There are 2 protein chains.
Amino acid sequence: MTDECNRSTESALEILVGKWKPVILFQLFNNGTMRFSELQRAMPQITKKMLTAQLRELEYHDIVHRKIYMEVPPKVEYSITEYGLQMAPVMMALADWGDSHIKHLDEIYGEERTGKLN
Amino acid sequence: MTDECNRSTESALEILVGKWKPVILFQLFNNGTMRFSELQRAMPQITKKMLTAQLRELEYHDIVHRKIYMEVPPKVEYSITEYGLQMAPVMMALADWGDSHIKHLDEIYGEERTGKLN
DNA sequence: CCGAATCCTAATCGATACTG
DNA sequence: CAGTATCGATTAGGATTCGG
């Protein structure tokens with residue numbers, strides 16, 4: 001049971017984990033459909049390699065849909081799948097709790113803390 | 001706003017992420033107070049180094065409490081803090097969605113899939 | 001414009017041995 | 001019993017270059 005819970009949780013975390021996954025998801029959740037280049041502009045720090053890799057994983061998990069237009073120059077659009085929309089509550093829960101957690105850490109360690117563990 | 005959500009989410013993920021964090025949390029949530037050796041027995045694969053490291057991080061985040069008994073041989077007990085209990089809903093949400101997600105992947109790729117992306 | 005391929009660094013994870 | 005220290009293996013992340 002505990003073991004089962006853990007498999008489930010890790011399966012869920014697989015999707016959220018990665019330096020860019022949450023950002024990408026927030027972008028797509030907020031803006032609906034976005035082109036590859038739009039995503040890149042929205043996240044100036046990300047490299048094409050990373051963006052592609054993370055999108056592929058999200059696509060594999062059926063969270064993100066990839067629509068290819070057969071034209072020149074190439075055009076590819078990404079959007080959250082219907083199934084992906086179901087994880088909105090999880091994202092909200094994480095963002096909510098994370099928000100209160102940031103405040104909690106500030107109370108404990110003060111505003112001047114580095115945020116890093118030694 | 002999106003940016004703020006993202007900081008919050010990543011702050012939350014910081015806590016859950018790590019190969020052993022979820023397991024440790026499930027153990028402590030289910031069993032209440034546990035000694036170091038009990039945790040080890042519950043997770044035969046984990047090394048002492050990893051167990052210590054993950055517990056320290058959880059302690060830093062005020063999710064886990066560490067109680068040291070000054071006796072010989074040493075005795076240290078770990079438990080979820082009051083604040084830590086507040087993240088129970090998040091854990092539940094993750095486990096729930098992860099569970100349904102596993103089933104969803106099975107539907108898409110079939111039971112025989114490896115679970116790995118290429 | 002949207003990637004794939006290559007190479008490299010940094011962080012994470014793990015096996016083993018040692019200590020108060 | 002409950003750790004720390006050290007080292008090697010593995011993986012995630014990034015810079016750059018090339019191609020359809």
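Note that the coordinates shown come from a computational prediction; the quantities given were computed from them, not determined experimentally. Computed over heavy atoms, backbone and side chain alike; hydrogens, waters and symmetry mates excluded. Proteins get letters first, then strands, A, B, ... in listed order; numbering begins at 1 in each.
As judged by a 4.0 angstrom heavy-atom cut-off over every strand, A/K19 is placed among residues touching the sugar-phosphate backbone only. Base engagement by A/K48 is indicated by at least one non-hydrogen atom pair under 4.0 Å involving a base atom. Among the heavy atoms of the strands lying under 4.0 Å from A/P73 are primed sugar atoms or P, OP1, OP2 only; no base atom is included. When heavy atoms are screened at a 4.0 angstrom cut-off, A/Y78 is found touching the sugar-phosphate backbone but no base atom.
More than 12 heavy atoms of other residues, nucleotides or ligands lie within 6.0 Å of CZ in A/R66, so this atom counts as buried by the packing criterion.
Annotation: side chain of A/L13 is in contact with side chain of B/L13 (closest heavy-atom distance under 4.5 Å). Put simply, the side chain of A/M91 reaches to within 4.5 Å of the side chain of A/L16, judged on heavy atoms. Annotation: side chain of B/L28 is in contact with side chain of B/L39 (closest heavy-atom distance under 4.5 Å). Residues A/I80 and A/L58 have side chains not in contact (no heavy-atom distance under 4.5 Å, counting atoms from C-beta outward). Looking at A/K21 and A/E57, their side chains come closer than 4.5 Å, going by heavy atoms from C-beta outward. Side-chain contact between A/Q27 and A/M34 is present, with at least one heavy-atom pair separated by less than 4.5 Å.
In this structure, B/Q40 and A/W20 both approach DNA chain D, and ranking their closest nucleotides by distance from the 5' end singles out B/Q40. When the nearest nucleotides of DNA chain D are assigned to B/P74 and A/P74 by heavy-atom distance, the more 5′-ward of the two goes with B/P74.
Contact check, A/T52 against C/dC2: no side-chain N or O comes under 4.0 Å of OP1 or OP2. Considering only side-chain N and O atoms, A/T47 lies nowhere under 4.0 angstrom from the phosphate OP1 or OP2 of D/dA15.
As a whole-Å value, the separation of A/L51 CG from C/dC1 P is 14 Å. Nucleotide D/dG3 holds its P atom 12 Å from the CE atom of B/M70, rounded to whole Å. Computed from coordinates, the A/Q54 CD to D/dA12 C1' distance equals 9 Å when rounded to whole Å. Taking atom CZ of residue A/R66 and atom P of nucleotide C/dA4, one finds them 7 Å apart after rounding to whole Å. The CD atom of B/E77 sits 9 Å away from the P atom of D/dA2 (whole-angstrom rounding). Atom P of nucleotide D/dA15 and atom CE of A/M50 are separated by 11 Å, given to the nearest angstrom. The interatomic distance linking B/M43 (CE) with C/dC13 (P) rounds to 14 Å, in whole Å. Atom CZ in B/F36 sits about 6 Å away from atom C1' in D/dA2, given to the nearest Å.
Ion pairing of B/E38 with B/R41 is absent here, as no side-chain N (NZ or NE/NH1/NH2) approaches a carboxylate O to less than 4.0 Å. Electrostatic pairing of B/K103 and B/D99 counts as a salt bridge here, judged by a charged N lying under 4.0 Å from a carboxylate O.
Recorded end-axis angle for the helix from C/dC1-D/dG20 to C/dG20-D/dC1 stands at 40°, based on five pairs per end and rounded to 10 degrees.
Residues from residues 24-35 of chain B that place a heavy atom under 4.0 Å from any atom of DNA chain D, listed by number: B/R35.
Checked against the 6.0 Å centroid criterion, the rings of B/Y83 and B/H61 do not qualify as a close aromatic pair.
For B/V76, the side-chain atoms get nearest to D/dG3 when compared with the rest of D/dG3, C/dA4, C/dG14.
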